[in-house]
Amino acid sequence: MIKKLLAERGVILTKELSETVIQDIKFNKIGFKKCTSLEELLTIAERCSAALKRCA
């Protein structure tokens with residue numbers, strides 16, 4: 001389901017992207033005891049994807 005939603009937004013889910021998104025959520029959400037909605041997850045994935053593209 002998430003893979004399909006990301007594909008609709010033009011984001012290709014890779015292992016590196018998955019790890020980056022998980023690290024971001026752990027640090028910025030779980031660390032502050034906040035929940036992450038599906039919409040926030042998709043937004044975080046888009047931002048991480050853009051950052052990884054710039055670094056590659």
Side-chain angles (χ1 to χ4, degrees):
M1 176 182 150
I2 293 174
K3 200 174 208 181
K4 182 179 176 184
L5 292 171
L6 288 172
E8 289 174 1
R9 293 174 177 237
V11 177
I12 298 171
L13 189 62
T14 62
K15 184 174 181 172
E16 185 179 21
L17 177 60
S18 296
E19 291 172 359
T20 306
V21 170
I22 290 169
Q23 288 174 351
D24 185 276
I25 290 172
K26 281 182 179 178
F27 182 79
N28 293 313
K29 295 291 185 175
I30 295 173
F32 296 104
K33 300 186 191 260
K34 294 182 179 179
C35 295
T36 305
S37 69
L38 179 59
E39 188 60 37
E40 288 175 322
L41 172 72
L42 296 173
T43 302
I44 292 168
E46 287 178 326
R47 289 180 183 160
C48 289
S49 177
L52 289 173
K53 285 179 184 175
R54 279 183 269 155
C55 292

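- Note: the hydrophobic cluster containing Ile25 does not contain Phe32 (ILVMFWY, side chain heavy atoms under 4.5 Å, direct or indirect links).
- Leu52 CG to Leu17 CG: the interatomic distance, rounded to the nearest 0.5 Å, is 6.0 Å.
- With contacts defined as side-chain heavy-atom distances shorter than 4.5 Å, the pair Leu38/Ile2 qualifies.
- Atoms NZ and OG1, from Lys26 and Thr36 in turn, are 12.0 Å apart once rounded to the nearest 0.5 Å.
- For Ile12, the CD1 atom is loosely surrounded, since the number of other residues' heavy atoms within 6.0 Å does not exceed 12.
- Between the side chain of Glu19 and the backbone N or O of Glu16 there is no donor-acceptor pair closer than 3.5 Å.
- Separation of atoms CD1 (Ile44) and CD (Gln23) is listed at 12.5 Å; rounding is to 0.5 Å.
- In the hydrophobic cluster analysis, where Ile, Leu, Val, Met, Phe, Trp and Tyr join through side-chain heavy atoms closer than 4.5 angstrom, Leu13 is grouped apart from Ile22.
- Note on residues 4-13: pairs passing side-chain hydrogen bond (donor to acceptor under 3.5 Å, both in side chains), not counting sequence neighbours, are Arg9-Glu39, Arg9-Glu46.
- A donor-acceptor contact shorter than 3.5 Å is absent between the side chain of Ser49 and the backbone of Ala45.
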